[in-house]
Amino acid sequence: MKLNDLPQHHAVLILDTDRINSSEKIFAELQVLSPVHRFFNQTVLDIESARIIISWANTPYNEEKIALISFHTIGLEAQNALLKLLEEPRAGVRFILVTSNTASLIPTVLSRVLVISSDENNEELFDAENFLKASHTLRMKLPHTLKLLSQVDEVERKD
């Protein structure tokens, strides 16, 4: 996904199974535009990282600045800390979040961002109704459930 393909929204969440490569490509484009744009890249985004992002976003700057925040999972404390920033960003500040896993995101965060999938065969569009209608024993055998249970992060740890 390219920077020009993204809508002009204050906060965009890109769902991409290859988040590291996608993030690096987007940041390469951002660097050409301005040195003030920042890349926050972590497997697990924790509260300390969230505080650094908040501090960066609240630092005044005369032109637009963009934070590219790439993570596999994000802690609950970090999400709560970033909520205010995503709800009411400072003028001229935009956020591009890239993750390979939306399962750790709380609904409140998801409601504050524009979600885009760069995966052509995105299984996040799983039919929840079929899952809910299945018995508890069949749920564990559904392809989507098996995929979720087998997922690992970038350092091969079980999710």
Side-chain angles (χ1 to χ4, degrees), residues 1-126 128 144 147-148 150-159:
M1 181 159 291
K2 293 187 172 238
L3 190 59
N4 290 340
D5 296 336
L6 297 177
Q8 291 291 319
H9 193 273
H10 74 280
V12 175
L13 172 70
I14 300 170
L15 176 61
D16 193 332
T17 54
D18 191 13
R19 77 158 182 93
I20 294 173
N21 287 330
S22 294
S23 298
E24 288 172 354
K25 287 176 186 174
I26 293 170
F27 189 62
E29 291 181 59
L30 286 173
Q31 282 182 307
V32 171
L33 298 175
S34 173
V36 75
H37 301 316
R38 288 283 310 270
F39 184 20
F40 303 93
N41 183 18
Q42 299 201 232
T43 300
V44 179
L45 189 73
D46 59 9
I47 185 65
E48 290 304 316
S49 301
R51 288 180 181 140
I52 292 168
I53 294 167
I54 292 166
S55 176
W56 173 87
N58 288 327
T59 302
Y61 191 70
N62 292 334
E63 297 175 29
E64 180 183 57
K65 61 183 187 175
I66 300 173
L68 176 61
I69 307 167
S70 179
F71 57 90
H72 179 71
T73 58
I74 182 171
L76 183 59
E77 287 180 325
Q79 292 180 72
N80 286 325
L82 291 172
L83 265 177
K84 178 79 170 161
L85 199 58
L86 295 173
E87 289 172 348
E88 300 170 15
R90 184 181 190 99
V93 178
R94 289 180 45 210
F95 302 94
I96 301 171
L97 293 82
V98 183
T99 187
S100 52
N101 177 19
T102 58
S104 67
L105 291 169
I106 58 176
T108 316
V109 168
L110 288 171
S111 71
R112 304 302 190 267
V113 297
L114 179 63
V115 180
I116 297 173
S117 174
S118 66
D119 295 336
E120 299 216 1
N121 297 318
N122 183 9
E123 290 192 32
E124 289 295 316
L125 301 174
F126 167 68
H144 187 78
K147 182 180 181 230
L148 285 173
S150 67
Q151 279 186 337
V152 293
D153 66 14
E154 288 89 3
V155 290
E156 300 300 317
R157 294 179 300 204
K158 279 284 205 189
D159 276 346

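The structure presented is a predicted model; accordingly, all values stated were derived computationally and were not measured.
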I need the Phe39 CZ to Gln31 CD distance, nearest 0.5 Å. 9.5 Å
Would Phe40 and Ile52 count as a side chain to side chain contact (heavy atoms under 4.5 Å, CB included) if you check the C-alpha gap in whole Å, the side-chain angles of each, and the deciding distance to 0.1 Å? CA-CA 9 Å; Phe40 303 93; Ile52 292 168; 3.9 Å; yes
Donor-acceptor contact present, side-chain Glu64 to main-chain Arg94, <3.5 Å: no
Identified side-chain contact (heavy atoms from CB on, under 4.5 Å) counterpart of Leu45 within the set Ile74, Leu97, Thr99: Ile74
Side-chain donor or acceptor of Arg90 paired with backbone N/O of Asn58 under 3.5 Å: yes
Would you say the side chain of Ile96 lies within less than 4.5 Å of the side chain of Ile69, judging by non-hydrogen atoms? no
Check: Ser22 side chain, Asp18 main-chain N or O, donor-acceptor pair, under 3.5 Å: yes
Using the rule given for side chain to side chain contact (heavy atoms under 4.5 Å, CB included), can you reason through Leu15 versus Ile116, listing the C-alpha separation, both sets of side-chain angles and the distance that settles it, and then say yes or no? CA-CA 6 Å; Leu15 176 61; Ile116 297 173; over 6 Å; no
Output the distance between atom CG (Asp16) and atom CD1 (Ile26), rounded to the nearest 0.5 Å. 8.0 Å
Apply side chain to side chain contact (heavy atoms under 4.5 Å, CB included) to residues Val98 and Leu68 and explain how you reach the verdict. CA-CA 8 Å; Val98 183; Leu68 176 61; 3.8 Å; yes
Say whether Ser70 and Ser23, considering side chains only, have a donor N or O and an acceptor N or O under 3.5 Å apart. yes
Using 0.5 Å steps for rounding, measure from the CG atom of Leu86 to the CD1 atom of Ile53. 9.5 Å
Could you tell me whether Arg51 and Glu48 make a salt bridge, using a distance below 4.0 angstrom between a side-chain N and a carboxylate O? yes
Minimum heavy-atom separation for Ala78 and Ile47, please, with both atom names. CB-N, 3.9 Å
Could you check whether Thr43 and His72, counting side-chain N and O atoms only, form a donor-acceptor pair closer than 3.5 Å? no
Under 3.5 Å side-chain donor-acceptor pair for Thr73 and Asn101: no
Heavy-atom donor-acceptor pair, Gln79 side chain to Ser104 backbone, under 3.5 Å: yes
Lys25/Glu29 ion pair, N-O < 4.0 Å: no
Do the side chains of Leu13 and Thr102 get nearer than 4.5 Å, heavy atoms only? yes
His10 and Arg112: which non-hydrogen atoms are nearest, and at how many Å? NE2-O, 3.6 Å
Keeping Lys65 on the side-chain end and Ser34 on the backbone end, is there a donor-acceptor pair under 3.5 Å? no
Around atom CG of Asn62, are there more than 12 heavy atoms of other residues, nucleotides or ligands at under 6.0 Å? no
Output for pair (Glu77 CD, Asp46 CG), nearest 0.5 Å, gives 9.0 Å
How many angstroms lie between CG in Leu33 and CZ in Phe27, if you round to the nearest 0.5 Å? 10.5 Å
Measure the CG-CG distance between Leu83 and Leu85 for me, rounded to the nearest 0.5 Å. 9.5 Å
Looking only at heavy atoms, which two atoms of Phe71 and Arg19 are closest? And how far apart? O-CD, 3.1 Å
